Amino acid sequence: MKLQSLPLPGLLRIDTEPVADARGQFVRIYCDSAFDGRHFPQVNLSTTRRRGALRGMHFQAPPAAEGKLIRCLRGRVFDVAVDLRAGSPTFLHWHGIELDGEAQTQVYIPEGFAHGFQSLTDDVQLLYFHTAAWSPAHEGRLRHDDPRLAIRWPLPVRDVSAKDANAALLPQDYRGIQA
Ligand SMILES: Cc1cn([C@H]2C[C@H](O)[C@@H](COP(=O)(O)OP(=O)(O)O[C@H]3O[C@H](C)C(=O)[C@H](O)[C@H]3O)O2)c(=O)[nH]c1=O
């Protein structure tokens with residue numbers, strides 16, 4: 001398991017290392033020793049039907065701020081993290097990484113980030129490990145097309161949920177979250 005820092009502090013690319021044999025392959029997705037002991041009280045799986053569909057941008061505010069370890073199991077996605085940490089040198093910066101079911105790449109998005117992804121193929125399956133349980137009362141959403149973020153999505157966007165489409169744009173005085 002190789003961890004590589006990405007341009008936003010705390011954001012990690014993880015390259016897992018499958019072991020192949022005549023039966024197929026085995027791969028370790030997570031281990032405490034490689035990750036200084038994250039605890040994941042919740043694991044989610046989403047499937048997305050159509051190429052171009054977009055889920056996000058989601059985050060949870062403290063005390064339910066959540067880190068996410070994400071792996072694409074099927075299909076291919078453009079996965080985006082946005083730094084919302086108050087005072088961060090990369091505040092409101094975004095970074096995108098392609099994940100796909102064939103490659104062994106995962107991404108770890110720490111607490112204080114918003115997360116979203118666009119499907120680059122039909123029939124995408126994404127596996128998420130969360131460092132906090134879902135807390136609707138602490139859920140926050142950003143618009144995927146917020147001009148203050150200026151995220152460059154690879155495909156024309158489609159299939160956005162009403163909740164995501166109706167999220168508020170960031171106010172000019174937005175200061176971020178204390179993660
Ligand atoms: C997270 C969660 C959701 N739900 C319910 C709430 C909705 O009725 C339904 C779908 O939720 P939502 O529309 O928020 O799901 P996505 O838009 O796919 O959000 C997911 O994808 C984006 C990219 C993320 O980063 C979120 O962490 C992840 O939850 O499941 C539950 O019942 N339990 C849960 O733990």
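Indexing begins at 1, ligand by ligand and atom by atom, following the structure's order. Since we're looking at a predicted model, the values are computed, not measured.
- Counting protein heavy atoms only, atom 22 (C) of ligand 1 is closest to His58 ND1, 3.4 Å.
- Protein heavy atoms all stay at least 4.0 Å away from atom 8 (O) of ligand 1.
- A salt bridge between Asp164 and Arg141 is present, with a side-chain N of the basic residue lying under 4.0 Å from a carboxylate O of the acidic one.
- Taking a cut-off of under 4.0 Å to the non-hydrogen atoms of Lys68, the atoms of ligand 1 that pass are 24 (C), 25 (O), 26 (C), 27 (O).
- Less than 4.0 angstrom separates atom 11 (O) of ligand 1 from none of the non-hydrogen atoms of the protein.
- Distances from atom 14 (O) of ligand 1 to the heavy atoms of Arg141, Arg55, Lys163 show the closest one on Arg141.
- In this structure, Phe78 and Glu98 approach most closely via the heavy-atom pair CD1-CG, 4.4 Å.
- Taking a cutoff of 4.0 Å between a charged side-chain nitrogen and a carboxylate oxygen, Arg85 and Asp83 qualify as a salt bridge.
- Under the 4.5 Å side-chain criterion, counting only non-hydrogen atoms from C-beta, Trp134 is in contact with Gln42.
- Less than 4.0 angstrom separates some heavy atom of Gln42 from each of these atoms of ligand 1: 34 (C), 35 (O).
- Both Val160 and Leu170 are assigned to one and the same hydrophobic cluster, defined by single-linkage of ILVMFWY side chains at heavy-atom distances under 4.5 Å.
- Every heavy atom of Met57 sits 4.0 Å or more from the atoms of ligand 1.
- Remark: Asp159 engages Arg50 in a salt bridge, criterion side-chain N to carboxylate O under 4.0 Å.
- The single protein non-hydrogen atom nearest to atom 32 (O) of ligand 1 is Trp134 CZ3, 3.5 Å, given as residue, atom name and distance.
- Put simply, Phe91 and Met57 are part of the same group of oily side chains (I, L, V, M, F, W, Y) that touch within less than 4.5 Å, one to the next.
- Contact annotation: for His115 versus ligand 1, heavy atoms closer than 4.0 Å belong to both the backbone and the side chain.
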Output, in order, the C-alpha distance, side-chain angles, deciding distance and verdict of side-chain contact (heavy atoms from CB on, under 4.5 Å) for Tyr108 and Phe35. CA-CA 10 Å; Tyr108 180 72; Phe35 247 83; 3.7 Å; yes
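- For atom 30 (O) of ligand 1, no protein non-hydrogen atom is found at a distance below 4.0 Å.
- Every N/O-N/O distance between His130 and ligand 1 stays at or above 3.5 Å.
- The closest approach between Tyr128 and ligand 1 falls below 4.0 Å for a heavy atom of the residue.
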